[in-house]
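In what follows, a structure is listed as structure tokens, so that the remarks can point back to it.
Heavy-atom basis, side chains included; hydrogens, waters and symmetry copies ignored. Given the structure is predicted, the values throughout are model-derived calculations rather than measurements. Numbering of ligands and ligand atoms starts at 1, following listing order.
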Amino acid sequence: MKVAYLGPIGSYSYEAARRFFADEQEKNLVACDTIDDVFETVEENEVEFGVVPVENSIEGSVSTTLDYLLKSKVYIVKEIVLKVEHYLCAREEAKQILTIASHPQAFSQCHDYLRKNFKEAKLIQVSSTSYAARMCSGGDVDAAICSLFAAQQNNLKVLAGPINHDNNYTRFFVISKNPNFEKGEKNKTSIIFSTYDKPGSLYKILAIFNLYDLNLTKIESRPAKTNLGEYVFFVDIDGFVDDEDVNDALRVVQRKSTFFKLLGSYSVVCPDSENKN
Ligand SMILES: O=C(O)C(=O)C[C@]1(C(=O)O)C=C[C@@H](O)C=C1
């Protein structure tokens, strides 16, 4: 079984893949350069699963992931929630920090620390935190914001950390072309819908969830990419698709919406137990 993730080794996506596919051998984990590549590798059947970040408790959604979920033919089959701790790392011999590389999400998650301590430094956005660590070890930048593991992998010295905002958690989805929805202890179902451009349309859809007494854990609108002002709504629901109420509610929602897509029904794993997701 092969699993694609946003690489190189040492990214948080790698950690999520390791936690979930614990028995998988290293050679079966396929490092991709971008989130786009993870989706396409799964879509083209080169691997059975992919691991992608979807939402962070500080910075919000990863829009690339949401946009691919809208357009691609993959399903969500599992959610993994990880506590993310970022460190400022540099080469042993580094003297001053004028350039810092990291993933844009990581910069945002460390915004206050950077503003306070490195206001003048140039922030260089790269494809992942582990790639930033690699660049730093190669001498391309003075420092990187990455995990402890990425620092070790790249022989970097830890200068400070954790430097992120408190309560920094990221949700990752395991995606697959196979809609093999497996129920666990804590389950969610994700859909995308759009509705009519008329007064009360969104309210009417939300009323269906209310009628079936369903808890929505997330609702977010994204551009439908058709015309300005046209949106799709991403909704996560507490419960599994074969629960009677979820099933009935989704049937009515589908009938009443102009577009409907079931993204998946999956169990949620939170290995960092203090997280209350
Ligand atoms: O750069 C990484 O290490 C990633 O796995 C990406 C990513 C993200 O896009 O959200 C994952 C978790 C953290 O929130 C920061 C970065």
Side-chain angles (χ1 to χ4, degrees), residues 3-21 29-42 47 49-69 76 78-89 100-114 123-137 140-141 143-154 156 158 161-175 218 220 222 234 268-272 275 277:
V3 182
Y5 69 96
L6 173 65
I9 183 170
S11 66
Y12 297 98
S13 302
Y14 171 83
E15 280 182 27
R18 287 301 318 171
R19 300 268 193 115
F20 185 62
F21 297 96
L29 298 181
V30 180
C32 294
D33 290 342
T34 61
I35 293 175
D36 306 56
D37 292 337
V38 176
F39 272 92
E40 284 165 23
T41 309
V42 174
V47 296
F49 296 101
V51 177
V52 287
V54 63
E55 185 184 4
N56 173 266
S57 55
I58 306 299
E59 191 41 27
S61 289
V62 180
S63 43
T64 311
T65 297
L66 294 187
D67 290 347
Y68 259 99
L69 288 172
I76 305 162
K78 189 72 87 182
E79 173 177 327
I80 306 156
V81 184
L82 287 192
K83 184 170 190 180
V84 170
E85 292 192 321
H86 296 298
Y87 293 80
L88 183 73
C89 307
I100 307 175
S102 201
H103 187 279
Q105 272 269 355
F107 280 136
S108 305
Q109 294 161 24
C110 303
H111 174 270
D112 292 359
Y113 173 85
L114 290 171
L123 306 183
I124 297 168
Q125 300 194 351
V126 295
S127 56
S128 71
T129 54
S130 51
Y131 185 74
R134 187 179 278 185
M135 274 177 79
C136 180
S137 112
D140 297 328
V141 285
I145 294 176
C146 60
S147 69
L148 277 184
F149 180 66
Q152 276 163 12
Q153 287 279 316
N154 290 280
L156 298 178
V158 174
I163 59 166
N164 47 273
H165 285 259
D166 291 345
N167 290 318
N168 194 28
Y169 289 90
T170 301
R171 297 171 67 202
F172 294 85
F173 282 156
V174 179
I175 51 167
K218 177 181 176 174
E220 176 162 347
R222 288 276 308 148
F234 285 77
V268 182
V269 204
C270 308
D272 304 318
N275 175 55
N277 175 50

*asked:* Could you check whether K218 pairs with E220 (Lys NZ or Arg NE/NH1/NH2 to Asp/Glu carboxylate O, under 4.0 Å)?
replied: yes
*Does the side chain of E85 come within less than 4.5 Å of N168's, by heavy atoms?*
no
*Evaluation steps, side chain to side chain contact (heavy atoms under 4.5 Å, CB included), between V38 and Y68*: CA-CA 10 Å; V38 176; Y68 259 99; over 6 Å; no
*Option from F172, F49, Y5 for which ring pair (Phe, Tyr, Trp, His ring centres under 6.0 Å) with F21 holds*: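 The residue from F172, F49, Y5 that satisfies ring pair (Phe, Tyr, Trp, His ring centres under 6.0 Å) with F21 turns out to be F49.
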*Side chain, backbone, both or neither: which part of T129 has a heavy atom under 4.0 Å from ligand 1?*
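Both of them.
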*Could an N or O of ligand 1 be found under 3.5 Å from any N or O of Y12, whether backbone or side chain?*
yes
*In terms of heavy-atom contacts, does OH of Y87 have more than 12 from other residues, nucleotides or ligands at under 6.0 Å?*
yes
*Is the CG atom of D140 crowded by more than 12 outside heavy atoms at less than 6.0 Å?*
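Buried by this count: over 12 neighbours within 6.0 Å.
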Suppose we measure from [atom] to each protein heavy atom; which comes out shortest, and what is that distance?
atom                    : result
atom 13 (C) of ligand 1 : T170 OG1, 3.7 Å
atom 16 (C) of ligand 1 : H103 ND1, 3.9 Å
atom 6 (C) of ligand 1  : L6 CD2, 3.7 Å

*Touching ligand 1 at all, E59? Heavy atoms, strictly under 4.0 Å?*
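Checking ligand 1 against E59, which is what was asked, there is no heavy-atom contact under 4.0 Å.
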_Main chain of P53, side chain of T65: is a donor-acceptor contact present, judged purely on distance under 3.5 Å?_
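Yes, T65 side chain to P53 backbone: donor-acceptor pair under 3.5 Å.
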*Which of the atoms of ligand 1 are close to S11, meaning less than 4.0 Å from one of its heavy atoms?*
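Those of ligand 1 that fall under 4.0 Å from S11 are 2 (C), 3 (O), 5 (O).
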*Atoms of ligand 1 less than 4.0 Å from S13 heavy atoms?*
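Under 4.0 Å from S13, ligand 1 has these atoms: 4 (C), 5 (O).
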*Nearest heavy atom to atom 7 (C) of ligand 1 wins, so pick from S130, P53, S102, A133.*
P53
